[in-house]
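First the structure, in the form of C-alpha cells, and then the observations on it.
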Amino acid sequence: MSLREDINFSLWCDFIERDFLENRFIDLIEKEIIYGATSNPAIFESSISNSVAYGQQLQMLQANEPKTIYEELAITDIKRAAELLSDLYSNDSDDGFISIEVDPELCDDAKGTIEEGMRLNTIIGSENVMIKVPATKAGYEAMKELTSQGINVNATLIFSPEQAIECAKALDEGIKASNKDTKAVISVFVSRLDRMCDSELFAKGLKKGRLGIMNATKCYHEVEKFGNSNIRTLFASTGVKGNDFNGSYYVDNLIYPNSVNTAPLATIDDWLENGSKEPSEIPTLEDCNKYFRKLKDNKIDIEAVYNKLLEDGLKTFKDSFSDLLRKLQKD
C-alpha cells in the first residue's frame, strides 16, 4: 500500500515550466511520485523570464498588453498540466489538480478576485484546476463565493491558525452551498517561520526547525475539526535553505492523514533519495498549545511574526508579478 492509499497523503510538485511539463513532469506522474502541482506568480516569473520554451508564443503575442501576454502564457501551461494530470483526477478527485493564482494586486478586492477567479476558471475550462486565492479578509469572501459556484480553490499564504480557521469556515460554507463535489486545499506555509525565527529561538535555548512544524500542525488540527473531507491541509514552503536540516525535512515531518505536501523539485529529489516514506507522528493539539505557551514565556511575539510573513508574502507575489509584466512590456 502507498501513503496515498493508506492515509490519503499526496505529494504535489511546486513548479511549472513548459519544457519541464513535457519531460520530467510526465515521468513523475507515471512513476506515481506526484499527484498534482501548484504554481504562483514567482514561479511563473522565473520560468517565463529564464526559459527559451516561451519564445515562439511570446513572438505571436507581442502586440498585446503585458497582462494579456502573461495570461496567455500561463493558461497554456496550466491547460497542459491539467491535461497531463486528468487521469489522476478521474481516478480520484482528491488529486490531479493544478493551481493558478489570481492577480496578486487583487488581494484586498473581493469582487475583483471573484470576477477574475470565475473568468480564469471559464477560460481554462478544466475540472481539475484550482483557483489560488490569498488568505486575506477579501480572500475569505472570494473563497466562499467561488466554491459556492463549484469552483475548486487553493487558499494560499496561510501562516496563522486563525487564517486556517477563517479559510476552513469560508470553504466549508461555500462547498456545502455548491451541492457539487467541489474541492479545496488550505496552503499552510511552513519553512518561512523557521527562517525568520530560528536565530532568536536558538539564542533563547529553543530548538531550531520546530516552530514551522508545530505551527503547521496546529493549523492542520484546526482544519480537521471541520470534518469536511473535500478540504485538505496543504503544506507549502517546504524547501530547506541552509544546512541545518536534510533536504526533505519539511516533508518527512508532515506526512499526515488527509493532507498534501507541495514541494520544489530539489526537495522531491531529496525525499525520493533519503526521505521518510512512513506516516509522521502527529503532535496533539495540546502539544502545539504547550509549545506556543513556551514561546510566549520566552517573549516571542508570534502574532507579529504572522503579520510580517503575510505582508512579505503578498509583497513578494506582487513584486514578481509586476517584474514579469515589466519584462513583457519591454520585450
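Predicted model, so just to flag it, every value in this text is computed and none were measured.
In this structure, the separation between CD1 on Ile48 and CG on Leu328 is 6.5 Å, given to the nearest 0.5 Å. In this structure, Ser191 OG and Leu211 CG are separated by 11.0 Å, a value rounded to the nearest 0.5 Å. Interatomic distance, Asn230 CG to Thr147 OG1, rounded to the nearest 0.5 Å: 10.5 Å.
A salt bridge links Arg326 to Asp323: at least one charged side-chain nitrogen sits closer than 4.0 Å to a carboxylate oxygen. Checked for salt-bridge contact, Glu105 and Lys67 miss the test: no charged N lies under 4.0 Å from a carboxylate O. Residues Asp172 and Lys176 are paired through a salt bridge, judged by an N-O separation under 4.0 Å between the basic side chain and the carboxylate. Classification of Lys308 and Glu311 as a salt-bridged pair fails, no side-chain N sitting under 4.0 Å from a carboxylate O. At a threshold of 4.0 Å, the pair Asp95-Arg232 counts as salt-bridged, since one of the basic side-chain nitrogens sits closer than that to a carboxylate oxygen. Salt-bridge formation is detected for the pair Lys111/Glu115: a Lys NZ or Arg NE/NH1/NH2 atom is positioned less than 4.0 Å from an Asp or Glu carboxylate oxygen.
Annotation for Phe317 and Pro41: closest pair O-CB, 3.7 Å, computed over non-hydrogen atoms. The two atoms that bring Val133 and Ala142 nearest to each other are CG1-CB, 4.3 Å, heavy atoms only. Shown here for Ser276 and Ile255, the closest heavy-atom pair between the two residues is O-CD1, 3.4 Å. Minimum heavy-atom separation, Leu193 to Gly212: CB-CA, 4.3 Å. Taking all atoms of both residues into account, the shortest heavy-atom contact from Phe97 to Glu127 is CE2-O, 4.0 Å.
A continuous path of hydrophobic side-chain contacts links Ile69 to Phe321 [ILVMFWY only; heavy atoms under 4.5 Å].
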Apply salt bridge (charged side-chain N to carboxylate O under 4.0 Å, His left out) to the pair Asp312 and Arg192, showing each step before the final yes or no. CA-CA 10 Å; Asp312 289 352; Arg192 292 187 194 184; over 6 Å; no
Taking distance alone, no hydrogens or angles, what donor-acceptor pairs closer than 3.5 Å link side-chain atoms of residues 28-37 to residues at least two apart or in another chain?
| from | atom 1 | to | atom 2 | distance (Å) |
| --- | --- | --- | --- | --- |
| Lys31 | NZ | Asp27 | OD1 | 3.4 |
| Lys31 | NZ | Asp27 | OD2 | 3.2 |
| Tyr35 | OH | Glu32 | O | 3.3 |

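Counting only residues at least two apart or in different chains, side-chain hydrogen bond (donor to acceptor under 3.5 Å, both in side chains) contacts with residues 213-225 comprise Asn215-Tyr306, Thr217-Tyr256, Lys218-Asn289, Glu222-Lys225, Glu224-Asn258.
Remark: Lys183 pairs with Ser93, Asp94 by the side chain to side chain donor-acceptor pair (under 3.5 Å) rule, at least two apart or across chains.
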